[in-house]
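Scope of the values below: all heavy atoms of this structure, side chains included, with no hydrogens, waters or symmetry mates. The model shown is predicted, which means the values in this text are computed figures rather than measured ones.
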Amino acid sequence: MNVRRRSSVAALAATAVIGVAAAPAVAADPSPSATTSAPSTAASGLYGSGNPQFDGVWRQSLALLAQDTVGVVPSSKAVKWLTDQQCDDGSFAPFRADPAKACDAKTMVDTNNTAAAVQALWAVGGHGDVVDDALGWLKSVQNKDGGWGYSPGTPSDANSTSVVIGALTATETDPEGVEKNGKSPYDALLALALPCAEDKGAGAFAFQPDKDGKLLANADATAAGLLGALGKGLVTEAGEKTDAASCADADEPTREQAAANAAAYLTDALAKDGHLKSALGGSPDQPDYGNTADAVAALAAQGGADKAAGPLAWLKKNAGQWAEESGPAAYAQLIFAAHATGTDPRDFGGTDLVEQLNATGPAPQGAKASDTATGKAEDEKKDDSPFGVWWYVGVCLVFGIGIGFLISNRSKQQQP
């Protein structure tokens with residue numbers, strides 16, 4: 001979605017009041033406020049030290065989801081921080097400084113943060129009521145074309161529709177059955193796919209039609225739309241290996257063909273430099289790390305890890321500094337890319353993404369007892385108990401067990 005994946009949530013939130021059509025043009029630093037001091041009202045448990053005004057819920061959701069993906073049990077404080085952000089109607093805003101104060105008409109709730117929170121809270125488990133309320137709200141603001149815009153009542157866009165599809169499928173809800181005016185989310189999404197006959201952007205997804213109704217290719221929206229067309233969420237695994245994708249039109253294009261067409265577009269876009277590009281305010285093109293990570297996950301989901309080998313190698317070599325500067329959501333995006341390609345996130349170009357992510361917030365409770373993927377044993381866990389890790393280690397030493405222990409602290413994003 002930086003909405004996942006996709007353009008910055010902060011940028012989307014900031015532009016929502018003046019027209020979300022401009023949002024995808026913003027480059028994908030998932031945590032643009034990473035260097036800004038967080039408000040003193042930010043509750044303990046939030047990941048990242050940056051101002052959460054535009055991306056608090058987004059980066060928290062991605063952090064928790066990434067931890068769950070690699071077998072880490074998140075801190076109960078971190079999970080509570082996220083659940084406390086929910087409004088009574090089930091929706092989420094990017095950030096509420098005072099969760100005890102009821103949401104009102106001025107609270108800028110949106111579909112992206114709500115859908116990301118759904119995926120995270122479903123993954124960590126134990127919050128069915130929160131998830132149900134959020135899904136109910138998402139369904140209540142579905143547009144007549146079957147899709148969603150960033151804010152309720154705004155035109156459907158590929159990013160928002162895709163991140164909501166991800167929330168539906170993650171919770172075992174079939175998007176085909178979530179209809180408005182006889183239209184499903186897939187109907188809205190496929191309407192934003194460019195035909196192969198286009199001279200520019202053949203097979204890509206547009207964010208939204210422009211003011212003249214024309215579809216313009218957008219790499220950010222294409223990565224999101226590819227996953228949405230496949231019914232995938234923020235976390236995905238490598239799909240069955242396929243031959244090199246090529247764009248092919250059909251009288252009634254299937255979701256699978258639309259995804260293959262999108263993969264062909266992304267492959268071409270990545271071919272020269274190994275990464276996607278972005279430009280801000282007339283400045284020269286810059287590497288777009290976040291959207292490149294999203295493209296890696298999308299390509300792997302559509303046709304196997306080999307399809308994403310080039311951009312994956314580029315990320316391993318170049319994305320470490322970007323993630324360090326950008327914060328939790330950036331680390332999460334790289335973890336999602338690693339997971340989709342079967343890559344070890346603890347040795348991603350020499351960087352332990354899991355350790356770095358954990359270091360941006362409250363120490364996780366530990367590793368899942370049944371999960372060996374992280375290489376961490378259950379007895380290495382560090383939890384939020386009042387006794388603390390040193391008490392635990394001391395007791396173990398008294399009994400002569402000689403165990404190791406893990407101290408992990410860690411640092412989008414946002415947005416996006």
Chemist: Ignoring hydrogens and angles, state whether a donor on the side chain of Y47 or Q67 is under 3.5 Å from an acceptor on the partner side chain.
Modeler: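 On atom types as modelled, these side chains qualify, holding a pair under 3.5 Å.
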Chemist: Between Y150 and N112, does any side-chain donor sit less than 3.5 Å from a side-chain acceptor?
Modeler: no
Chemist: Just by distance, with hydrogens left out, do K316 and T351 show a side-chain donor and acceptor under 3.5 Å apart?
Modeler: no
Chemist: Of T171, D68, V163, V235, which is the lone residue that meets side chain to side chain contact (heavy atoms under 4.5 Å, CB included) with Q119?
Modeler: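 In the set T171, D68, V163, V235, the residue that makes a side chain to side chain contact (heavy atoms under 4.5 Å, CB included) with Q119 is V163.
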Chemist: Quick one about D294 and Q333 (side-chain donor to acceptor, distance below 3.5 Å, no hydrogens or angles considered), yes or no?
Modeler: yes
Chemist: Test salt bridge (Lys or Arg N to Asp or Glu O under 4.0 Å) on K183 and D145 and set out the steps.
Modeler: CA-CA 6 Å; K183 299 288 186 178; D145 64 1; over 6 Å; no
Chemist: Determine whether the aromatic ring centres of W322 and Y331 lie less than 6.0 Å apart.
Modeler: no
Chemist: Can a donor-acceptor pair be found between the side chains of Q286 and K277 at a distance below 3.5 Å?
Modeler: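 No.
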Chemist: Verify side-chain contact (heavy atoms from CB on, under 4.5 Å) between L46 and R59, making sure each step is shown before the conclusion.
Modeler: CA-CA 9 Å; L46 174 64; R59 75 187 190 216; 3.3 Å; yes
Chemist: Is there a donor-acceptor contact under 3.5 Å linking the side chains of S162 and N159?
Modeler: no
Chemist: So D110 and P94, do their side chains get closer than 4.5 Å, heavy atoms only?
Modeler: yes
Chemist: Does the side chain of W81 reach to within under 4.5 Å of the side chain of S44, using non-hydrogen atoms?
Modeler: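 Of all side-chain heavy-atom pairs linking S44 with W81, none is under 4.5 Å.
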